[in-house]
Amino acid sequence: MVNTNGIRIAQDDRLLSGLADVRPTIYLQFDGFTEKAHRMLRGENLLPLKLKALDRLAQAKLDVVLVPTVDKINHDQIGDILKFGIQHPAVCGIAFQPVTHAGRIGAFDPLNRETVPDVIHGIAEQTNGILVESDFIPVPCCHPTCRSATYLYIDNGR
């Protein structure tokens with residue numbers, strides 16, 4: 001597994017070739033489609049590089065898990081990220097992660113923060129029935145609101 005923001009993958013042919021030889025699963029930061037969200041969460045707009053990296057990873061036939069950090073600023077993009085992931089040939093999974101308020105993500109109101117239940121509700125609300133809240137189950141050994149999972153099987157676009 002390689003966790004990455006995708007910058008070098010988008011630009012470095014030698015790195016991409018090496019990854020293709022080793023065949024790790026790529027965990028790619030992917031916070032949505034707006035410049036505002038990227039600037040707030042990452043300090044700069046990396047979307048064009050991330051899209052280029054994804055296309056290059058697809059060409060190299062590498063599996064990618066999109067890893068959106070979700071906060072109130074990009075909560076409205078959860079459904080679009082999921083639909084994008086379903087359609088992109090490199091994407092085999094999405095790991096939505098509510099923002100951790102540490103480091104450069106400074107002060108916050110603990111009563112108004114993004115939570116795992118918020119993400120699940122956003123997925124159900126924004127995907128027009130692709131997923132519903134009851135599709136998610138808590139991961140064993142965790143508190144039910146700490147981590148949940150579901151699986152999709154896509155067959156001929158359905």
Q.
Among residues at least two apart in sequence or on other chains, which ones pass salt bridge (charged side-chain N to carboxylate O under 4.0 Å, His left out) with Arg8?
A. Asp12
Q: Quick one: list whatever passes side chain to side chain contact (heavy atoms under 4.5 Å, CB included) with Val116, sequence neighbours left out.
A: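 For Val116, the residues satisfying side chain to side chain contact (heavy atoms under 4.5 Å, CB included) (neighbours in sequence not counted) are Pro98, Ile120, Ser148.
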(Q) Working note: Ile123 + Leu82, criterion side-chain contact (heavy atoms from CB on, under 4.5 Å); need CA distance, chi angles, decisive distance, verdict. (A) CA-CA 8 Å; Ile123 291 169; Leu82 189 133; 4.1 Å; yes
Could you tell me whether the side chain of [Y] reaches within less than 4.5 Å of the side chain of [X], counting heavy atoms only?
X: Arg113; Y: Asp71; answer: no
X: Val64; Y: Leu54; answer: yes
X: Leu41; Y: Asn74; answer: yes
X: Val70; Y: Val99; answer: no
X: Leu47; Y: Glu35; answer: no

Pairs of donor and acceptor atoms involving the side chains of residues 130-140, under 3.5 Å and at least two apart or interchain, shall be tabulated with distances.
residue : atom : partner : partner atom : Å
Glu133  : OE2  : His121  : ND1          : 2.6
Asp135  : OD2  : Val132  : N            : 2.8

Spatial distance of atom [atom1] ([X]) from atom [atom2] ([Y]) [nearest 0.5 Å]:
X: Asp76; Y: Ile81; atom1: CG; atom2: CD1; answer: 9.0 Å
X: Leu49; Y: Arg56; atom1: CG; atom2: CZ; answer: 10.5 Å
X: Thr25; Y: Met1; atom1: OG1; atom2: CE; answer: 7.0 Å
X: Ile94; Y: Ile86; atom1: CD1; atom2: CD1; answer: 6.5 Å

Can you check whether [Y]'s main-chain N or O pairs, donor with acceptor, with [X]'s side chain at less than 3.5 Å?
X: Gln126; Y: His75; value: yes
X: Lys52; Y: Ile9; value: no
X: Ser17; Y: Asp13; value: no
X: Arg39; Y: Lys36; value: no
X: Asn5; Y: Ile7; value: yes
X: Asp118; Y: Thr115; value: yes

Minimum heavy-atom distance between [X] and [Y], given as atom pair plus value:
X: Gly6; Y: Ala53; value: O-CB, 3.5 Å
X: Leu46; Y: His38; value: N-ND1, 4.0 Å
X: Val2; Y: Pro24; value: CG2-CG, 3.8 Å
X: Thr127; Y: Lys83; value: CA-CE, 3.9 Å

Q.
Would Glu125 and Ile78 count as a side-chain contact (heavy atoms from CB on, under 4.5 Å) here? Give the steps.
A. CA-CA 9 Å; Glu125 186 177 73; Ile78 291 171; over 6 Å; no
Q) Would you call Lys50 and Asp31 a salt bridge, using N to O less than 4.0 angstrom? A)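 Between Asp31 and Lys50 there is no salt bridge, as every charged N stays at least 4.0 Å from the carboxylate O atoms.
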Q.
Phe33: which residues meet the ring-ring contact (aromatic ring centres under 6.0 Å, His included) condition with it, sequence neighbours left out?
A. Phe30, Phe84
Quick check on the hydrophobic clustering: are [X] and [Y] connected, directly or via other members, by side-chain heavy-atom contacts under 4.5 Å?
X: Phe96; Y: Val65; result: no
X: Val67; Y: Leu28; result: no
X: Ile73; Y: Leu66; result: no

(Q) Between Thr69 and Arg42, is there a side-chain donor-acceptor contact under 3.5 Å, judged purely by atom types and distance? (A) yes
Q) Just checking, any donor-acceptor pair under 3.5 angstrom between side chains of Gln29 and Thr4? A)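 The criterion, which ignores hydrogens and geometry beyond distance, is not satisfied for Thr4 and Gln29.
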Q.
Taking side-chain hydrogen bond (donor to acceptor under 3.5 Å, both in side chains) as the definition, give me every residue that meets it alongside Gln59, ordered by chain and number, with sequence neighbours left out.
A.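 Partners of Gln59 by the side-chain hydrogen bond (donor to acceptor under 3.5 Å, both in side chains) criterion come out as none, since no residue qualifies.
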Q: Could you list all the side chain to side chain donor-acceptor pair (under 3.5 Å) pairs where at least one residue sits in residues 85-99, not counting sequence neighbours?
A: Asp55-His88
